[in-house]
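This structure is a prediction, so every number in the text was calculated from the model and none was measured. Chain A is the first sequence line, chain B the second, and so forth, proteins listed ahead of strands; every chain is numbered from 1.
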Amino acid sequence: MPEKEQGSFQTASNNVSFPDLEESILEFWKKNDVYKRSLEQRADQKRYVFFEGPPTANGKPHPGHCLTRAIKDLFPRYKTMQGYLCERKAGWDTHGLPVEVEVCKELGIHSKEDIEAYGVEPFVQKCQTSVWQYMQQWEQLTERLGFWVDLNKAYVTYHQSYVESVWWSLKSFFDRGLLYQGHKIIWWWAQGGTALSAGEVGQGYKTVKDPSVYVKFPLLDRENTSLLVWTTTPWTLPSNQFAAVNENIQYATVYDAEEDLYLVFAADLVEKIATKMKRELEVKSTCSGAELVGLRYQPPFDYFYKTDGDKTGALKSGETEAVAWRITSADFVTTDSGTGAVHEAPAFGEVDYELLVSEQDRFERGQGPELICPVGPNGKFTNEVPEFEGQWVKEADKALTKKLKEENKLYLLEQYEHEYPFCWRADEDPLIQYPRESWFIKTTQYKDKMLENNQQINWLPEHIKDGRFGNFLGSNVDWALSRERYWGTPLPIWVCQSTGQMEAVGAYEELMTKPGLTGTEVWDNAKAANPDLVDDLKVHKPYIDALTYDSPFEAGARMQRVSEVIDCWYDSGAMPFAQWGYPHQGEEEFKQQFPADFISEALDQTRGWFYSQLAISTLLFGDDPEIKFPHPFENCIVLGLMLAEGQMCVKCQHRHMEVVKKCEKCGSKVQRKTEKMSKRLRNYSAPNEIFDSFGADALRWYFFANQPPWTSIIYSSRAIKESIPQFLLRLWNVYSFFVQYANIDGFDPSSVSDPAQLSPETLASGRGYRPVEQRSELDRWIISELNRTTKTIVDRMDNYDNYVACTTLSGFVDSLSNWYVRRSRDRFWAEDKEDADKLDAYWTLFECLAATCKLAAPFVPFVTEAIWQNLIGSFGADSSAVTSVHLCDYPVADDGKIDETLSRQMNLLREIASLGLSARMNEKLKVRQPLSGMTVVLNDPIDQAWLETHDELLKKELNVQEIAYTTDAGDYVTYQVVPNFKLLGPRVGKLMPKVKAAFGAADGKTMLESLSSSGKAALEVEGESIELTADDVEVRLKANEGWAAAQGTEAVVILSTELTPELIRAGMARDLVRLIQDDRKTQDLARISRIEVEIFTNSSELRNAINENRNYIVGETLAREIKIRDLTNGEVDTFIFDQKDCTNKNVRTEKVLTEVNRASVKIVVRLTK
RNA sequence: GGUCGUGUAGCUCAGUUGGUUAGAGCGCGUCGCUGAUAACGACGAGGUCCCAAGUUCGAAUCUUGGCACGACCA
């Protein structure tokens, strides 16, 4: 921290290092326990409930996590300042395949067999320690970003209490019949013996060529006629159970003369297939698909057909039907490819399996078709297909095709190029769809309730509700819960080894009380052998599997747990209650902290955590009339995807992290490129680099203020850096300005008796403090702006709209910096330290800074804290000043201080100032050159009187001597009248274009005069007279050619451009002041030190200029004396200041002045004793 | 293939219930200011508001159909 100078405040350096500042603030928070205190002081207040979605700590945190953690910090901080109690319990997701994969990598093993060989016990132990591998990095990032969360009270999904909560919920489902066993067709990695998640499958798609076969399925009831069926997986043909057609497609029966055979397939495809076969296919008849349904056929292989071909079963309708090998109907059949008739092997395709299930559903229980699956989990044919037993199915494709050909069942064979998934870990291994036994939660039974629950959630952006999330719920399928893995919450179901009956267990203690329980010694022994083992492992595999007990279903039988663990998404979805260990413990906490007011994660959690939470909560609590929808969360911000930005060479595609002009490798042009963040490409910089170079506030502000949070956010250090000057630096500059002058003037707020939160009421007791109403207009204006800003920010933040809140805040700081401070500079420089207006300026700025700190604190917690600390510094350690800005209450707008009229007027004034500068610019008249006058033509005279009272301000800003206002534009301006479309449109309807034209033709001046005298005007259109009132007309001013003018929406400004000798001399004086000030600065003179000035010149004009403006120059430069001396030839070039080499300065000095009047000059500035 | 989203200046994005001169920041260019100064201000160039049709007096905005990109799911 900088040293304290003479004044009340510590100096605030102009080139502040935000990263260093932040480190010291982190220290301060730690030392003063600020986070803890922010909770303690709200202990009795209404709760604002936040749920932390648990990240997986076994990977490094990346920029996307910074975004989620930033937004998760913002709203709790805001709500805490607003007076709510917002506890923030951290959490960690610790189970699942990613952890196992990580450990496998470390061990250099792959398959489940490898894991079994290594030993499940040591494997699980390794998983448990592995999840903490990157914990330190996570904690460091969390702290550095300023994310306040209780890391030491974190919930952990592998903890025993957590696991038991999950068990309790699953037992509830089991007992209510919502947990059942079934088949699921999954993408199966046969070589590795494991299923792959959708995400993993998605990673492994490759374009490959597979055989594509058109196979003849002879129809039993039609002589010499075959259904033509298409498939790209010949190996599934032995498992054929049905052929599917679409009822709404037309099918043709064609005659193939060459084979003397009739074929049935989609009518639309006849030509295509005839072309492929290079044969004439004569269409004999057509029929709809519906007419084909029910026809029986002979499948190409008879491994099952030979025994079951004639098997029939009883339908629920009372009729009897063949269980298999007949034509069924399915919507998914199209004529996009193939033949419009699809081979169905339900074991090896998800839609095929669904078809089987719906077929089974038509039959009486036990009468329908059973799943045919002659392939083992190793991907090889079983002895049910003796000819190919032991062959890897994909390799059997060829032999099977050959056999079809030999038996004259193959009609056509071709190669088919398509995308097919391979294992992402072993990319030679194609995946196959394969049926596995699996446990399901019957979420479909609660679909309507979930939808109803969803309707009441406030989603941001809104379209998630009925869009992505709503649709997902609408097409809900039962949740496949079980995983045939090792590191996860064990499925708490025990099976009777004799009868197969099952029961669920809801707690470890419950298990301990089971009759005849054995197996506890397995854990005890492990613990004895290694006392460091964490106790939570005893509810995990393999220890939990060792526990067996007497069956309640049959005497003498034993109960043994099923082997599966559960989907780790279930773990995280159970966190609303499991984080407290509910219901075994933590009942009070659960009741207080359910449901959540606020959660936020990225879009990818739609089907992840957002769904798992909603599903579990709805199934568990949806029937409880006490618990109202929505739960378990009410407001949810869905964050956009984060993209990386890099520079990519257009030629060699080499990526550059930094902005470079040419490619480092090949010298070609580089282009900015946004793309997905990728670990492999390393196309983004680590969060720590951002923290170290720009700071956490910069990153946070960039996230909050540059776009609504749900759009995709480009993570680029360039963009983050560029966002700093606009807000952070501007705020800092205002603050630094304040500190500089407050110290010079000895402004000391410590006379305030009870500073507390530095709110207007408490500041009122300060020395020299006057009520706002008594202060100057500029002060009243900025205070009004402050309250307007406060009102908007609170409104926006209450609606979870951080983006507009930030834009508003940034706009206020801009007004403060670029108008209030800019226009108040003179007041701060005033000679008399006790001047009331000067003190007003200090108190106003002080109040604005204090309030801005509070407003900005949730967004940029570091810099606001740093400023706050200095603002309260003068009060001393024992004062009532609140220790930290984060312990303050969030500001509330004071409507009484909002002055909309003043706001409008000040905007107009600023616009006129802008226009004046613009007009000067066009005439190339620099601001240092005074001008005699300026005329302002107002669009609307309503504010003229007000503006006239601000002549001084505008004169100073624009450096003009006189300002005149007029509504009589004279020669300067032409009035244009345009219709107010919004008002006139509905009134005149189709006449509008004509009205517009009539306006164009009308004389604006006349119409305006009529309006101002009688309040109305008439317009002739198509023989009709349309009466207009003032509201129907918009007036625009247009500056005429030939004037130094600038036009805006509200006014036109015209400058007097004639330069008299007096004006030129005044300009020279101002130039001189500028040069003297420059020299003072170069010599590093203190701002208040007095000087004497010697001016060497031979120019009589310049001498006159000095003499005429002596008071002005003396006043501006704090000169005690100005001496004018002769300049001898050549002196300019050789002159050197007393202490410094100022050659360059001299050159510049000469240049500046010669531009004006071709006078040479040199200036000597000396400090007076 | 399905669902959802996005398409506006060189880049990143705003744009309220449809209203006729479509905005901001950055970048670029020109200029200015000068005791907040490694800051700041003004001005300028730059737009087929993805395309097409429709509704309407009037469409960046509403409807329909395309196209492109992205995400998720198949």
Trainee: Hey, does A:L991 reach any base, or is it just sugar-phosphate, or nothing, if we go heavy atoms under 4.0 Å?
Mentor: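 No contact.
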Trainee: Taking the minimum atom-to-atom distance to the side chain of A:H463, which one of B:rA14, B:rC4, B:rG27 wins?
Mentor: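 For the A:H463 side chain, the nearest candidate turns out to be B:rC4.
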Trainee: For A:L639 and B:rG70, give me the distance from atom CG to atom P, rounded to whole Å.
Mentor: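 Going from A:L639 (CG) to B:rG70 (P), I get 21 Å.
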Trainee: For B:rU6, which nucleotide in any strand shown is its Watson-Crick or wobble partner with both distances under 3.5 Å?
Mentor: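 B:rA68 - that is the nucleotide pairing with B:rU6, both distances being under 3.5 Å.
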Trainee: Can you figure out which of B:rC4, B:rC40, B:rC13 approaches the side chain of A:I714 most closely?
Mentor: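 Selected nucleotide: B:rC13.
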Trainee: For the rings on A:F610 and A:W459, is their centre-to-centre separation under 6.0 Å?
Mentor: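 That pair passes the under 6.0 Å test.
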Trainee: Between B:rC57, B:rA39, B:rA14, which one does the side chain of A:N733 approach most closely?
Mentor: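 Within the option list, the nearest is B:rA39.
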Trainee: Which part of the nucleic acid, if any, lies within reach of A:V734 when heavy atoms closer than 4.0 Å are counted: base, sugar-phosphate only, or nothing?
Mentor: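 Since a base atom lies under 4.0 Å of A:V734, the category is base.
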Trainee: With C1' as the reference atom in both, quote the distance from B:rU17 to B:rG2 in angstrom, rounded to an integer.
Mentor: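 Roughly 34 Å separates the two C1' atoms.
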Trainee: Please tell me if the side chains of A:L614 and A:F469 come closer than 4.5 Å, counting only heavy atoms from C-beta onward.
Mentor: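 A side-chain contact exists here, since the closest heavy-atom pair is under 4.5 Å.
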Trainee: How far does the P atom of B:rG15 sit from the matching atom of B:rG23, given to the nearest Å?
Mentor: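 Straight-line distance between the two P atoms is 15 Å.
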Trainee: So does A:R730 get a side-chain nitrogen or oxygen closer than 4.0 Å to the phosphate oxygens (OP1/OP2) of B:rA39?
Mentor: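 So the side-chain polar atoms of A:R730 never come under 4.0 Å of the phosphate oxygens OP1 or OP2 of B:rA39.
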Trainee: Taking the side chain of A:F981 as heavy atoms from C-beta outward, which of B:rG19, B:rA42, B:rG25 is closest to it?
Mentor: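 Comparing B:rG19, B:rA42, B:rG25 against the side chain of A:F981, the answer is B:rG19.
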Trainee: What's the closest nucleotide to the side chain of A:P725 if the choices are B:rG41, B:rC40, B:rG27?
Mentor: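 Per side-chain heavy atoms of A:P725, the pick is B:rC40.
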Trainee: With rounding to whole Å, what would you report as the distance between B:rA45 and B:rU30 at their C1' atoms?
Mentor: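 To the nearest whole Å, 10 Å.
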Trainee: Atom CG of A:L954 to atom C1' of B:rA42: distance rounded to whole Å?
Mentor: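 Taking atom C1' of B:rA42 as the reference, CG of A:L954 is at 15 Å.
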Trainee: Taking the nucleotide of RNA chain B with the closest heavy atom to each, which residue, A:I464 or A:K996, is nearer the 5' end?
Mentor: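 Result: A:I464.
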Trainee: Using a 4.0 Å heavy-atom cut-off, does A:V821 contact any base of the nucleic acid, only the sugar-phosphate backbone, or nothing at all?
Mentor: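 The residue A:V821 makes base contact.
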Trainee: If only side-chain N and O atoms of A:Y741 are considered, is one of them under 4.0 Å from the OP1 or OP2 phosphate oxygen of B:rA36?
Mentor: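 True: A:Y741 side-chain N/O within range (under 4.0 Å) of B:rA36 OP1/OP2.
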Trainee: Atom CZ of A:F469 and atom C1' of B:rG5: how far apart are they, to the nearest Å?
Mentor: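 Distance check: A:F469 CZ to B:rG5 C1' gives 17 Å.
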Trainee: Starting at OG of A:S817, measure out to CZ of A:F812 and round the result to the nearest 0.5 Å.
Mentor: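 With rounding to 0.5 Å, OG (A:S817) is 11.0 Å from CZ (A:F812).
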Trainee: Rounding to a whole Å, what distance do you find between A:I713:CD1 and B:rG5:P?
Mentor: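 One finds 19 Å between P of B:rG5 and CD1 of A:I713, rounded.
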Trainee: Closest approach to the side chain of A:P708, judged atom by atom: which nucleotide of B:rG70, B:rA14, B:rA36 is it?
Mentor: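 Nearest nucleotide to the side chain: B:rA14.
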Trainee: Given atom CZ of A:F828 and atom P of B:rA36, what is their separation to the nearest angstrom?
Mentor: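 Rounded to whole Å, this separation is 11 Å.
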Trainee: Can you tell me how far P in B:rC26 sits from the matching atom in B:rA42, rounded to whole Å?
Mentor: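 After rounding to an integer number of Å, I get 11 Å for this pair.
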Trainee: Which whole-number value in Å describes the distance from A:Q707 CD to B:rG7 P?
Mentor: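 Rounding to the nearest Å, CD of A:Q707 and P of B:rG7 are 14 Å apart.
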Trainee: Measure up the A:F846 and A:F9 rings against each other and bin them: parallel (under 30°), tilted (30 to 60°), perpendicular (over 60°).
Mentor: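 Because their plane-to-plane angle lies in the 30° to 60° range, the rings of A:F846 and A:F9 count as tilted.
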Trainee: Under 4.0 Å, counting only non-hydrogen atoms across every strand here, what does A:E722 touch: a base, just sugar-phosphate, or nothing?
Mentor: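 Sugar-phosphate contact only - A:E722 comes under 4.0 Å of backbone atoms but never of a base.
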Trainee: Please measure how far the P atom in B:rA59 lies from the corresponding atom in B:rC49, and state the result in whole Å.
Mentor: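 Roughly 12 Å separates the two P atoms.
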Trainee: If you check the A:R607 side chain, which of B:rC72, B:rG41, B:rC13 turns out closest?
Mentor: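 Within the option list, the nearest is B:rC72.
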Trainee: In terms of side-chain heavy atoms of A:R468, which of B:rC72, B:rG27, B:rA42 is nearest?
Mentor: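 So the nucleotide nearest the side chain must be B:rC72.
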Trainee: Does B:rG1 pair with anything, Watson-Crick or G-U wobble, both distances under 3.5 Å, and if so, with which nucleotide?
Mentor: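 For B:rG1, the partner nucleotide comes out as B:rC73, under the 3.5 Å rule.
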Trainee: Counting only distance, no hydrogens or angles, is the base of B:rU20 paired donor-acceptor with the side chain of A:K982 under 3.5 Å?
Mentor: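 Side chain to base: no pair below 3.5 Å.
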Trainee: Between B:rU34 and B:rA39, how far apart are the C1' atoms? Round to whole Å, please.
Mentor: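 B:rA39 and B:rU34 have their C1' atoms separated by 10 Å.
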Trainee: How long is the line joining NZ of A:K184 and P of B:rA74, in whole Å?
Mentor: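 For the pair A:K184 NZ and B:rA74 P, the rounded distance is 8 Å.
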Trainee: Between B:rA36, B:rA14, B:rA71, spot the one nearest the side chain of A:L603, thanks.
Mentor: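 For A:L603, the side-chain atoms sit closest to B:rA71.
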Trainee: If you take atom types as modelled and just measure distance, does the side chain of A:S817 reach the base of B:rA36 with a donor-acceptor pair under 3.5 Å?
Mentor: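 For A:S817, whose side chain was compared with the base of B:rA36, there is a donor-acceptor pair (under 3.5 Å).
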Trainee: Does A:F738 reach the side chain of A:V821, with side-chain heavy atoms less than 4.5 Å apart?
Mentor: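 A side-chain contact under 4.5 Å is absent here.
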Trainee: A:N818 side chain N/O closer than 4.0 Å to the phosphate oxygens (OP1, OP2) of B:rG41?
Mentor: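 A:N818 to B:rG41 OP1/OP2: side-chain N or O found under 4.0 Å.
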Trainee: Within the structure provided, determine whether A:W701 and A:L809 are in side-chain contact (heavy-atom separation under 4.5 Å).
Mentor: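 Yes; the side chains approach each other to less than 4.5 Å.
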Trainee: Measure CD/A:Q726 against P/B:rG25 and give the value in whole Å, please.
Mentor: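 Value for this atom pair: 7 Å.
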Trainee: What interatomic distance, in whole Å, is found between C1' of B:rG7 and the corresponding atom of B:rG32?
Mentor: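 Rounded to whole Å, the distance is 39 Å.
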Trainee: At 4.0 Å (heavy atoms only), tell me whether A:S716 reaches a base, stays on the sugar-phosphate, or touches nothing.
Mentor: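 Contact class for A:S716: none.
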Trainee: Give none if B:rG58 has no partner; otherwise give the nucleotide forming a Watson-Crick or G-U wobble pair with it, both distances under 3.5 Å.
Mentor: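 Per the H-bond distance test, none.
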Trainee: Would you measure the distance from the P atom in B:rA22 across to the matching atom in B:rA60 and give it in whole Å?
Mentor: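 Their P atoms lie roughly 10 Å apart.
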Trainee: So if I take every side-chain heavy atom of A:K990 and compare against B:rC57, B:rG25, B:rA36, which nucleotide ends up nearest?
Mentor: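 From the listed options, B:rC57 comes nearest.
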Trainee: Can you tell me the base-pairing partner of B:rC43? Count Watson-Crick or G-U wobble geometry only, both distances below 3.5 Å, and say none if there is no partner.
Mentor: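 Pair assignment: B:rC43 / B:rG29.
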Trainee: Are A:L473 and A:Y611 packed together at the side-chain level, in the sense that at least one heavy-atom pair is separated by less than 4.5 angstrom?
Mentor: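 Answer yes - side chains close enough.
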Trainee: Counting heavy atoms not belonging to A:K955, are there more than 12 under 6.0 Å from its NZ?
Mentor: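 Yes - once you tally the heavy atoms of other residues, nucleotides and ligands closer than 6.0 Å, there are more than 12.
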Trainee: Going by purine N1 to pyrimidine N3 plus the second Watson-Crick contact, or the G-U wobble pair, all under 3.5 Å, which nucleotide sits opposite B:rA24?
Mentor: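 B:rA24 is paired, partner B:rU12.
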Trainee: Does A:K447 NZ have over 12 foreign heavy atoms under 6.0 Å away?
Mentor: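 Check passes, neighbour count above 12.
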Trainee: Could you say whether A:W710 or A:T1117 is positioned toward the 5' end of RNA chain B, judged by the nucleotide with the nearest heavy atom to each?
Mentor: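 Comparing both residues, the 5'-ward one is A:W710.
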